[in-house]
There are 2 protein chains.
Amino acid sequence: MYSTELLKGTLKTILLKLLANQGKMYGYEITQQVKLLTADKIQLTEGALYPTLHKLEADGLVTSEKVSIGKRVRKYYLLTPKGKTATTDKVNEFFDFVKTLQLLLDPDLSR
Amino acid sequence: MYSTELLKGTLKTILLKLLANQGKMYGYEITQQVKLLTADKIQLTEGALYPTLHKLEADGLVTSEKVSIGKRVRKYYLLTPKGKTATTDKVNEFFDFVKTLQLLLDPDLSR
DNA sequence: CAAATATACATAAGATTCTTAAGTATTTGC
DNA sequence: GCAAATACTTAAGAATCTTATGTATATTTG
């Protein structure tokens, strides 16, 4: 587990990219996928996840559809066209940022 | 320039590593170095920088010494032993985090 | 030489984003 | 049947950033 201050600023990017890869996902599924894919190193908390999903929806990057499973309701999220563009932009920006940070944090690698 | 939410969580790491590389630096010098080394892509704001330096000092990771330049006073910061350990830890943690995020953001690279 | 720009630090108000916590309810496994 | 897992929501508080303001000295430039 990381000192989660690192997660700040990358949560939206993670969510968008997962949706881009998987088509559609619901909140709980996202937490499990992230836990699995990162070998427990990143564990999303509900208090961060759900408000962020709502924000993405409010910003028009995702839409949601409710699906009843028995008496329970799952809320699936999927990317809008605007969301697809945003995903590419944000992922690129992240890797660019990392490259830039390497100039500061690891001068040997950037020679 | 990046959507600065990415900077969150990495500012302390940047400051510590710069001090580790350069021995000692003062605030304004840090802003200029970062601007230069990142080709203007990262520009630290004073409102973020100075409180963070104060925090690092309060946490015992750096000490400061004031140096008079004419009538003006520069405040140099330098790492404590505790700060040196923290620098290594934080830089390692950052690169580990990036590696983990690649599992999520760029599945092709992690095969 | 006056005005603009650069150097240098500090801090407060507000915004954003996270953690922690509490609440509600259904389903599965033992 | 009871614990754990599934599933979503929201509120209070903490942390970290931006924007803005304040103060002051030094240098550059027209």
Side-chain angles (χ1 to χ4, degrees), chain A residues 1-16 18 24-36 40 42-59 61-77 90 94 97 101, chain B residues 1-16 18 24-36 40 42-59 61-77 90 94 97 101:
Chain A
M1 282 282 279
Y2 302 107
S3 69
T4 42
E5 54 186 2
L6 278 176
L7 194 63
K8 294 194 182 189
T10 57
L11 180 54
K12 273 184 209 159
T13 309
I14 290 171
L15 299 182
L16 291 171
L18 279 179
K24 64 180 180 181
M25 299 180 81
Y26 56 98
Y28 185 77
E29 186 184 16
I30 291 174
T31 65
Q32 299 308 302
Q33 271 280 307
V34 168
K35 198 164 130 68
L36 186 68
D40 292 13
I42 297 178
Q43 297 195 31
L44 303 185
T45 59
E46 297 168 298
L49 174 66
Y50 290 111
T52 301
L53 285 171
H54 299 162
K55 180 74 163 53
L56 289 175
E57 188 166 25
D59 291 344
L61 303 184
V62 304
T63 52
S64 63
E65 49 188 46
K66 291 183 178 174
V67 176
S68 291
I69 307 291
K71 283 184 181 173
R72 221 155 40 182
V73 177
R74 273 185 199 160
K75 202 165 161 189
Y76 279 93
Y77 289 91
K90 281 203 156 286
F94 175 75
F97 178 73
L101 264 201
Chain B
M1 283 281 280
Y2 302 107
S3 71
T4 42
E5 55 186 0
L6 279 176
L7 194 63
K8 293 194 185 189
T10 57
L11 180 54
K12 274 185 207 157
T13 308
I14 290 171
L15 300 182
L16 291 171
L18 279 179
K24 63 179 180 180
M25 298 181 83
Y26 56 99
Y28 185 77
E29 186 184 15
I30 291 173
T31 65
Q32 299 308 302
Q33 271 280 307
V34 168
K35 199 163 128 70
L36 186 68
D40 293 13
I42 298 178
Q43 298 194 30
L44 304 185
T45 59
E46 297 167 298
L49 175 65
Y50 290 113
T52 302
L53 285 171
H54 300 161
K55 181 73 162 51
L56 290 175
E57 189 166 23
D59 291 345
L61 303 184
V62 304
T63 52
S64 63
E65 48 187 48
K66 290 184 179 174
V67 175
S68 291
I69 306 291
K71 283 184 180 172
R72 225 161 31 188
V73 176
R74 273 186 199 158
K75 203 166 162 190
Y76 279 93
Y77 289 90
K90 281 201 154 288
F94 174 75
F97 178 72
L101 264 202

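Order of the sequence lines fixes the chain letters, A, B, ..., with proteins taken first and strands second; residue numbering starts at 1 for each chain. For clarity, every value in this text was computed on a predicted model and none was experimentally measured.
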Starting at atom [atom1] of [X], determine the distance to atom [atom2] of [N], rounded to an integer number of angstrom.
{"X": "B:M25", "N": "C:dA8", "atom1": "CE", "atom2": "C1'", "answer": "14 Å"}
{"X": "B:E46", "N": "D:dG22", "atom1": "CD", "atom2": "C1'", "answer": "11 Å"}
{"X": "A:K55", "N": "D:dT10", "atom1": "NZ", "atom2": "P", "answer": "16 Å"}
{"X": "A:L56", "N": "D:dC8", "atom1": "CG", "atom2": "P", "answer": "15 Å"}
{"X": "B:K75", "N": "C:dA10", "atom1": "NZ", "atom2": "C1'", "answer": "9 Å"}
{"X": "B:K24", "N": "C:dA8", "atom1": "NZ", "atom2": "C1'", "answer": "17 Å"}
{"X": "B:K35", "N": "C:dA8", "atom1": "NZ", "atom2": "C1'", "answer": "16 Å"}
{"X": "A:I14", "N": "C:dT17", "atom1": "CD1", "atom2": "P", "answer": "14 Å"}

Given [options], the nucleotide with the shortest approach to the side chain of [X]:
{"X": "A:H54", "options": "C:dA10, C:dT19, D:dT10", "value": "D:dT10"}
{"X": "B:R72", "options": "C:dA8, C:dT26, D:dT25", "value": "D:dT25"}
{"X": "A:P51", "options": "C:dC9, D:dT10, D:dT25", "value": "D:dT10"}
{"X": "B:Y77", "options": "D:dC17, C:dA10, C:dC18", "value": "C:dA10"}
{"X": "B:R74", "options": "D:dC8, D:dT18, C:dA8", "value": "C:dA8"}

Whether [X] contacts [N] is assessed here as follows: a side-chain N or O lying under 4.0 Å from the phosphate OP1 or OP2. Is that the case?
{"X": "B:Y50", "N": "C:dC9", "value": "yes"}
{"X": "A:Y26", "N": "D:dA7", "value": "yes"}
{"X": "A:K12", "N": "C:dT17", "value": "yes"}

>> Using a heavy-atom cut-off of 4.0 Å across all strands, would you classify B:G47 as base, sugar-phosphate, or nothing?
In response: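 Here B:G47 touches the bases of the nucleic acid.
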